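So that the names make sense, note that chain A is the first sequence line, chain B the second, and so on, each numbered from 1. Since the structure is predicted, the reported quantities are computational estimates derived from the model, not experimental observations.
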2 protein chains.
Amino acid sequence: MENVRELFHTMTKRLGLLDRNCCTVGGIELSLVQSHILYEIDRMNEPSMQQVADALAIDITTFSRQIQTLVKMNLVKKTPYPQDRRVYILSLTPEGKYVTAKIDAEVNEYLGEVFSHMSEFERETVLRSIRLLNECMAKSSVCCKPLF
Amino acid sequence: MENVRELFHTMTKRLGLLDRNCCTVGGIELSLVQSHILYEIDRMNEPSMQQVADALAIDITTFSRQIQTLVKMNLVKKTPYPQDRRVYILSLTPEGKYVTAKIDAEVNEYLGEVFSHMSEFERETVLRSIRLLNECMAKSSVCCKPLF
DNA sequence: CCTTTTATTTGTAATATGCAAATATTTATT
DNA sequence: AATAAATATTTGCATATTACAAATAAAAGG
């Protein structure tokens, strides 16, 4: 199957770099992990700690401390969940929303630039390919299946 | 541009998980970073410390210590470079080669399984898409350009 | 020669990680 | 209802990772 792994390796390396370069907003500097946490919280619907940690495959104890940091930075809010008092619901503060949106815009701008080197047809093909790849990864029993 | 970032986010998250799950060979447990270092050393031609660190965009001081660990684990060999005595050439020990090959096989097996959920045509399309994407990222001035 | 640049290592301090155990609360079982 | 088992989250602790600044050593330039 030729150099498939190299293809993927190159891609993830570059996308990872892009991701890393998009972690600074104004005066605030985030780690990659922190930026991913904000992204997930924004995307999920009133998630609990455990749910976000699972979605990111981060150990819950590490996650707990990361959240403490993000709360101190005033980017994340922890709300006790009345129906189950063991649980905390996570949400973004206005500042957290702003930062997350800013990062999102930056990533999208970069991706837009990358796609600007393609024709409309190529762009559609690439996006369809990634969608298909994601579906197949979800189907696969080897790795991602149990989590997503 | 729709949910492009989400598409990429999902993909990199899953590929990252796959990568993480492929770091244990026999009794040896590697961190993700260490597995990437072995991969790069294997791929590059008699690289120096600096070259590998640059390729992986790892800070050279961090890299230096990672290499010390890998040398202690008997996976990597550092050879002084006669033409420039500041430089060390990195290579894999037989054990390092074995571990690297094993990881490679495991990753490829997983990728093969993912692709098994596609038709031949889809598979070709996806691989062509990733190749194209890599080319366009290389062209882009926003992020990866200077490094690769 | 002497200064500057480059490759690598070490000092040090901050941060991240994850296992084990603690705490609090809910659910299940008797 | 009382007790046991399960779940969500936090802390203790030991280790690993990270990166800036400075040290060392060798090469290159003037």
Side-chain angles (χ1 to χ4, degrees), chain A residues 13 16-17 19-21 23-24 28-38 40-41 44-73 75-91 146-147, chain B residues 13 16-17 19-21 23-24 28-38 40-41 44-73 75-91 146-147:
Chain A
K13 190 162 71 172
L17 266 179
D19 228 9
R20 266 199 260 172
N21 287 341
C23 287
T24 304
I28 301 169
E29 184 127 355
L30 295 173
S31 74
L32 193 56
V33 170
Q34 287 167 342
S35 122
H36 287 168
I37 291 174
L38 295 184
E40 281 300 340
I41 293 175
M44 296 173 82
N45 185 247
E46 310 207 328
S48 71
M49 305 262 301
Q50 194 63 248
Q51 285 171 329
V52 181
D54 284 348
L56 292 167
I58 298 175
D59 183 274
I60 185 67
T61 70
T62 303
F63 185 78
S64 172
R65 282 181 249 255
Q66 287 285 4
I67 290 296
Q68 286 170 33
T69 307
L70 288 168
V71 166
K72 271 191 207 115
M73 292 167 85
L75 299 174
V76 166
K77 201 174 104 186
K78 273 170 69 176
T79 312
Y81 182 61
Q83 278 80 6
D84 184 337
R85 281 157 57 205
R86 293 168 299 181
V87 173
Y88 285 95
I89 298 297
L90 298 175
S91 58
L147 275 170
Chain B
K13 190 164 69 172
L17 265 179
D19 229 8
R20 264 199 262 170
N21 286 343
C23 286
T24 303
I28 301 169
E29 184 126 355
L30 295 173
S31 73
L32 193 56
V33 171
Q34 288 168 343
S35 123
H36 286 169
I37 291 174
L38 295 184
E40 281 300 339
I41 293 176
M44 296 173 82
N45 185 247
E46 309 209 329
S48 72
M49 304 261 304
Q50 195 64 248
Q51 286 171 329
V52 180
D54 284 348
L56 291 167
I58 300 176
D59 182 273
I60 184 67
T61 71
T62 301
F63 185 77
S64 172
R65 279 182 248 254
Q66 288 283 4
I67 290 296
Q68 286 170 33
T69 306
L70 290 169
V71 167
K72 270 192 209 115
M73 292 167 87
L75 300 174
V76 167
K77 201 174 104 186
K78 273 169 69 176
T79 311
Y81 182 59
Q83 277 82 7
D84 184 338
R85 280 157 56 205
R86 292 169 301 183
V87 173
Y88 284 95
I89 299 296
L90 298 176
S91 58
L147 276 171

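Rounded to whole Å, the distance from OH on Tyr81(A) to C1' on dA24(C) is 17 Å. What separates CE of Met49(A) from P of dT7(D) is a distance of 17 Å, to the nearest Å. The interatomic distance linking His36(B) (NE2) with dT18(D) (P) rounds to 12 Å, in whole Å. Between Glu29(B) atom CD and dA16(D) atom C1' there is a gap of 13 Å when expressed in whole angstrom units. In this structure, Lys72(B) atom NZ and dA16(D) atom C1' are separated by 12 Å, rounded to whole Å. Taking atom CD of residue Gln51(A) and atom P of nucleotide dT9(D), one finds them 8 Å apart after rounding to whole Å.
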What's touching nucleotides 15-19 of chain C from the protein side, N or O pairs under 3.5 Å?
| from | atom 1 | to | atom 2 | distance (Å) |
| --- | --- | --- | --- | --- |
| dT17(C) | OP2 | Gln66(A) | NE2 | 3.2 |
| dG18(C) | OP2 | Thr62(A) | OG1 | 3.3 |
| dG18(C) | N7 | Thr61(A) | OG1 | 3.3 |
| dG18(C) | O6 | Arg65(A) | NH2 | 2.8 |
| dC19(C) | N4 | Thr61(A) | OG1 | 3.1 |

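Here the closest non-hydrogen pair linking Arg20(B) and Leu32(B) is N-CD1, 3.9 Å. Scanning both residues, Arg86(B) and Asp84(B), for their nearest heavy atoms gives NH2-OD2, 2.8 Å. In this structure, Pro82(B) and Pro80(B) approach most closely via the heavy-atom pair CD-O, 3.5 Å.
Atom OG in Ser31(B) sits 5.0 Å away from atom CD in Gln66(B) (nearest 0.5 Å). In this structure, the separation between CD on Gln51(B) and CD on Glu46(B) is 10.5 Å, given to the nearest 0.5 Å.
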- Task: Treat primed atoms plus P, OP1 and OP2 as sugar-phosphate and everything else as base, then score nucleotides 24-30 of chain D 5' to 3': B for base contact with protein heavy atoms under 4.0 Å, S for sugar-phosphate contact only, - for none.
- Result: --BS---
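With hydrogens and angles disregarded, a donor-acceptor distance shorter than 3.5 Å links the side chain of Thr69(A) to the backbone of Arg65(A).
Annotation: side chain of Ile89(A) is in contact with side chain of Val87(A) (closest heavy-atom distance under 4.5 Å). No side-chain heavy atom of Glu40(B) sits less than 4.5 Å from a side-chain heavy atom of Leu90(B).
Look at Gln68(A) and you'll find a side-chain N or O under 4.0 angstrom from OP1 or OP2 of dT11(D).
Within the 4.0 angstrom heavy-atom criterion, only backbone atoms of the sugar-phosphate kind lie near Tyr88(A); the bases stay farther away.
The local environment of OH in Tyr88(B) is sparse, with at most 12 non-hydrogen atoms from other residues, nucleotides or ligands closer than 6.0 Å.
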